[in-house]
Amino acid sequence: HGLASQVAGSKEPALSLSATSAPRLQRSQSGPDTLSKSLFDLMYAELYTALRSQIQAATKKLGEIEAIMDEYGTVSTASSPSRPLVAVTSLSMTSQIQDSSSSQEYLDGENYIYRILRLLYLVSWSKNCQKLLSSPKWISILIAGISVSGLGVQRRTMRLLRKLLINVDPSQVVAYVPSLFTSRLDILDSEIPLSDDDINNQVNDDAQGDDRVSSADHIVTYFLEAATVTLPLPRVSSDKKVSSMLEFLQQKGTSESLAADSIVVLRILLGIPAWRKVIS
């Protein structure tokens, strides 16, 4: 990562030598455009492994939230303007969930993912790197990690996605993007990192022959869902998956940031004619 970061940030021009100057070692051309596809494949494999661990931990927490919901029930707030949170004993829920996982391991994973994303963001201004990072596997895994990550990783991921999406034609985007409120395990269900072909197969299986809804549509729907996670609900959702995800995001302290960043993404995409057609 350190070497790649140095290459990514290098903009030093080549030295100009005259015929009478003494021989000197000359530095080869460097910069993001010189980074190979194999290096990006390596970073993808590392990010896939790290995010898979995060998603598995988040799935376990969501299961615990649902179990506590079943035990304590929910509070009906049909006449209340505030968001209905699922547990009557929120302090009890919080303590049980925190005790059931290793906070240190979670933070270590977050720091590792953040370093990878930081490097990717540094090179994302390069057209060559944008093309590599806009492939089906990259877009899919980046979106998959948004809801399960901590604040720093979430915001860095959103910044990177914003930079990639504004530079890609929505009609050419291919990504597997299920609803925010569904499990992410089906995206990273293999110990071996998924390839672009694997993602294409998932997209085709999900479409079931109906090509009226594109990957760009799913991406916009995802951000629209994310933009609503802090809105007051008229009643407790009958969908336990929705309620548990809302509670999960609130306890992680990322719901407000997720909503705000999603609105920023949608506003920026709305300013791009090709994406405006998708959003409208």
State, with a plain yes or no, whether a side-chain heavy atom of [X] is found less than 4.5 Å away from one of [Y].
X: Met245; Y: Ile65; result: no
X: Phe40; Y: Leu120; result: yes
X: Val153; Y: Gln54; result: no
X: Leu165; Y: Ile268; result: no
X: Ile113; Y: Ser149; result: no
X: Lys252; Y: Phe248; result: yes
X: Val173; Y: Trp275; result: yes
X: Leu224; Y: Val220; result: yes

Tell me, please, which residues at least two apart from Ser140 pass side chain to side chain contact (heavy atoms under 4.5 Å, CB included).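 Listed in chain order: Ala175, Tyr176, Ile199.
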### Query
Considering residues at least two apart in sequence or located in another chain, which fulfil the side chain to side chain contact (heavy atoms under 4.5 Å, CB included) criterion with Glu66?
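With sequence neighbours excluded, Glu66 shows a side chain to side chain contact (heavy atoms under 4.5 Å, CB included) to Lys240, Lys241, Ser244, given in chain and number order.
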Distance check, rounded to the nearest 0.5 Å: [X] atom [atom1] versus [Y] atom [atom2]?
X: Leu164; Y: Ile139; atom1: CG; atom2: CD1; answer: 5.0 Å
X: Tyr112; Y: Leu51; atom1: OH; atom2: CG; answer: 11.0 Å
X: Arg118; Y: Arg159; atom1: CZ; atom2: CZ; answer: 10.5 Å
X: Thr230; Y: Leu246; atom1: OG1; atom2: CG; answer: 10.0 Å
X: Ile141; Y: Ile55; atom1: CD1; atom2: CD1; answer: 7.5 Å
X: Ile146; Y: Leu249; atom1: CD1; atom2: CG; answer: 11.0 Å

- If Ile, Leu, Val, Met, Phe, Trp and Tyr residues are connected whenever their side-chain heavy atoms lie under 4.5 Å apart, and connections chain through other members, are Leu151 and Ile143 in the same group? no
Give a yes or no on whether Ile263 and Leu266 share a hydrophobic cluster (residues Ile, Leu, Val, Met, Phe, Trp, Tyr; joining criterion: side-chain heavy atoms under 4.5 Å apart).
no
[X] side chain to [Y] main-chain N or O, any donor-acceptor pair under 3.5 Å?
X: Asp217; Y: Ser214; answer: yes
X: Asn204; Y: Asn200; answer: yes
X: Tyr44; Y: Ser195; answer: no
X: Gln154; Y: Leu258; answer: yes
X: Ser53; Y: Ala50; answer: no

Checklist entry - Side-chain donor-acceptor pair under 3.5 Å between Asn128 and Ser126, yes or no? => result no
Which heavy atom in Thr254 sits nearest to a heavy atom in Gly150, and how many Å separate them?
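Reported closest heavy-atom pair: CG2-C, 4.0 Å.
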Could you list the donor-acceptor pairs under 3.5 angstrom formed by side chains in residues 129-136, with sequence neighbours left out?
from   : atom 1 : to     : atom 2 : distance (Å)
Gln130 : NE2    : Ser124 : O      : 2.9
Ser134 : OG     : Gln130 : O      : 2.7
Ser135 : OG     : Leu132 : O      : 3.2

Here the salt bridge (Lys or Arg N to Asp or Glu O under 4.0 Å) pairs for residues 255-280, sequence neighbours left out, are Arg155-Asp261
In short, salt bridge (Lys or Arg N to Asp or Glu O under 4.0 Å) pairs touching residues 136-150 with sequence neighbours left out are Asp41-Lys137
Q: List for me each residue that meets salt bridge (charged side-chain N to carboxylate O under 4.0 Å, His left out) alongside Arg156, sequence neighbours excluded, and say none if there are none.
A: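 Arg156 satisfies salt bridge (charged side-chain N to carboxylate O under 4.0 Å, His left out) with no other residue.
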How far apart are the C-alpha atoms of Thr59 and Val148, what are their side-chain angles, what is the distance that settles it, and do they pass the side chain to side chain contact (heavy atoms under 4.5 Å, CB included) test? CA-CA 9 Å; Thr59 301; Val148 301; over 6 Å; no
For Tyr121, does the six-membered ring have the charged nitrogen or CZ of Lys163 within the cation-pi criterion, i.e. under 6.0 angstrom from the centroid and within 45° of the normal? yes
